[in-house]
There are 2 protein chains.
Amino acid sequence: MLHDSSQYSHLDIKQIKSSCATCSLRELCLPVGLNDQEIQIVGDVVSNKRKIRRGEYLHQAGLKFQSLFAIRSGFLKTCVLEEDGRQQVTGFHMTGELLGLDAISTEIHTCDAIALEDSEVCEIPFTKLEEIGIIVPSLMRHFHRIMSREIVRDHNVMLLLGSKKAEERLASFLLNLSRRFLIRGYSESDFNLRMTREEIGSYLGLKLETVSRAFSKLQDENIITVDHKHIRINDIDRLKIKMGNSSCIT
Amino acid sequence: MLHDSSQYSHLDIKQIKSSCATCSLRELCLPVGLNDQEIQIVGDVVSNKRKIRRGEYLHQAGLKFQSLFAIRSGFLKTCVLEEDGRQQVTGFHMTGELLGLDAISTEIHTCDAIALEDSEVCEIPFTKLEEIGIIVPSLMRHFHRIMSREIVRDHNVMLLLGSKKAEERLASFLLNLSRRFLIRGYSESDFNLRMTREEIGSYLGLKLETVSRAFSKLQDENIITVDHKHIRINDIDRLKIKMGNSSCIT
DNA sequence: GATTAGCTTTGATATAGATCAATCAGCATA
DNA sequence: TATGCTGATTGATCTATATCAAAGCTAATC
């Protein structure tokens, strides 16, 4: 869902965008409409940049929470490790998204965040964010919307896991990725997966073999073309029908 | 999870509690530690009380969002209606909990909230809450923790739906209810369900027959005693083992 | 006190997806 | 060019849960 920024002056928007360019905080600062001084203030919070290589942790479950992380570029997964050693993926995250919201409640991270490709994030010390929210209420309001959207997203995943079958789950998943790529200016019908079949399965509550079979089935029906990690959506409307009840993962 | 209030003076706590008694906003105001003036301010936001009879809606999906609702007493479910007519339960909610967080992002309710028994709620106009959060930062901070806790809770449900089997799901569900009753001063081992088998099934991603069989199985093993809606937990430790990997619905 | 209507339980059967197993493709390293 | 290694596909079973069906119990209503 893109934000409507028509209410802000052209100049403001330009400045905000340039401020965001420093740190790519699309999620957090783009739609807020700040004046010069406020931009300065926000800019101060998000100074810390960090690079993570593919396979490295951004944070680990159990560690103390201090900062949220805005993804500047790259692709990450979040997952919880069960004590039997296997991990369950709770989400895949890309540019512009905010990580760490779950840790605010206890100030302990409840999940691991691992880069699926080389990534770059901005660190946002949470205490600072709360302080600045008081000075810039529109920023605070926006932050509340982001948290709320995460809750809606989770409810949609619960729905998917609770009532959809394998093929419908995979269709929802692909359409969700498709939409997120589109929003970011990439092709909605032609993209590369960053995660393995096993990680997809973990996220969708399926075994990797089932995921693989579901891919093959959609390919047999000419709805998508699969070449390992490369996916081409040939018929997005039929894919939407496959998804079943319209509720896509938001 | 009870809040540690030892950092606040005895007097403060008494006053907060009495303020809460007016509206039972345990979640929202108890742990914050406010002075007299601040209590006055908070009291002003939450003035509107509302009664809902069993079966009635507190809010419906699609309607405009204006207020959060703090449950003063009673028991509600939230659910989304799929276009095929069947509904999926996304949560059960009791005294002290906060409803409507999902609607902040779009200002449209994304789910229905229906009373499972006669209930009473306090209406909290969200705009007012945000304004007051600026004056009383500790309130704002607490609100953030509540939202974050909802995200953690949802992740745990995702885990349950994605990887646990029927009996484990039911055990998790019962232990979750048990803990929430305990926190509220009721018996943790002896309580009445407010929802039907079908509603439990919808929440847990199971059919009602499967829920019923899982109840019977746990009863056969003498772990619980089931008499229709009345549940007695005979061996909470074995129930915890049944739950499998320790992650309970928080 | 009889009569529905709404839940719940239980049994029999069907099926989606898990599990087990074999093979294959791509990619990195020797 | 050979040699693993990891991940993906596909086939053959197995099993947990859904589905279909029949009673049974409770509470509400006449």
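Each chain gets a letter, A, B and so on, in the order the sequences are listed, and its residues count up from 1.
Of all nucleotides in DNA chain D, those with any atom nearer than 4.0 Å to a heavy atom of chain A start and finish, going 5' to 3', at D:dA8 to D:dA12.
Residue pairs meeting the salt bridge (Lys or Arg N to Asp or Glu O under 4.0 Å) criterion with at least one member in residues 100-112 of chain B, sequence neighbours excluded: B:K64-B:E107.
With sequence neighbours excluded, no residue forms a salt bridge (Lys or Arg N to Asp or Glu O under 4.0 Å) with B:R50. With sequence neighbours excluded, no residue forms a ring pair (Phe, Tyr, Trp, His ring centres under 6.0 Å) with A:F75. For the side chain to side chain donor-acceptor pair (under 3.5 Å) test, residues two or more places apart in sequence or in another chain that qualify with B:S67 are B:E123. Residues passing the salt bridge (Lys or Arg N to Asp or Glu O under 4.0 Å) test with B:D235, sequence neighbours excluded: B:R238. The salt bridge (Lys or Arg N to Asp or Glu O under 4.0 Å) search around B:D190 returns B:R232, not counting sequence neighbours. Contacts of B:T78 classified as side chain to side chain donor-acceptor pair (under 3.5 Å), with partners at least two apart in sequence or in another chain: B:T90, B:H93. With sequence neighbours excluded, the residues satisfying side chain to side chain donor-acceptor pair (under 3.5 Å) with B:E117 are B:R194.
Contact annotation: A:K165 side-chain N/O to C:dG17 OP1/OP2 distance is not under 4.0 Å.
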Enumerate, atom names and distances included, each donor-acceptor pair closer than 3.5 Å involving a side-chain atom of residues 215-222 of chain A, sequence neighbours excluded.
residue	atom	partner	partner atom	Å
A:S216	OG	A:S212	O	3.1
A:K217	NZ	A:E167	OE1	3.1
A:Q219	OE1	A:V226	N	2.8
A:E221	OE1	A:K242	NZ	3.0
A:E221	OE2	A:K242	NZ	3.2

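Distance A:L160 CG to C:dG17 P: 12 Å, rounded to the nearest Å. Whole-Å rounding puts the A:L204 CG to C:dA18 C1' distance at 16 Å.
Helix bend of the helix from C:dG1-D:dC30 to C:dA30-D:dT1: the angle between its two end axes, each built from five pairs, comes to 30° after rounding to 10°.
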- Task: Give the intermediate values and the outcome of side-chain contact (heavy atoms from CB on, under 4.5 Å) for residues B:K51 and B:S119.
- Result: CA-CA 6 Å; B:K51 280 176 196 287; B:S119 304; over 6 Å; no

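Using a 4.0 Å heavy-atom criterion, one finds that B:G201 contacts no nucleic acid atom at all.
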The contact string for nucleotides 7-12 of chain C, one letter per nucleotide 5' to 3', using protein heavy atoms under 4.0 Å with B, S and - for base, sugar-phosphate only and none, comes out as -SBBBB

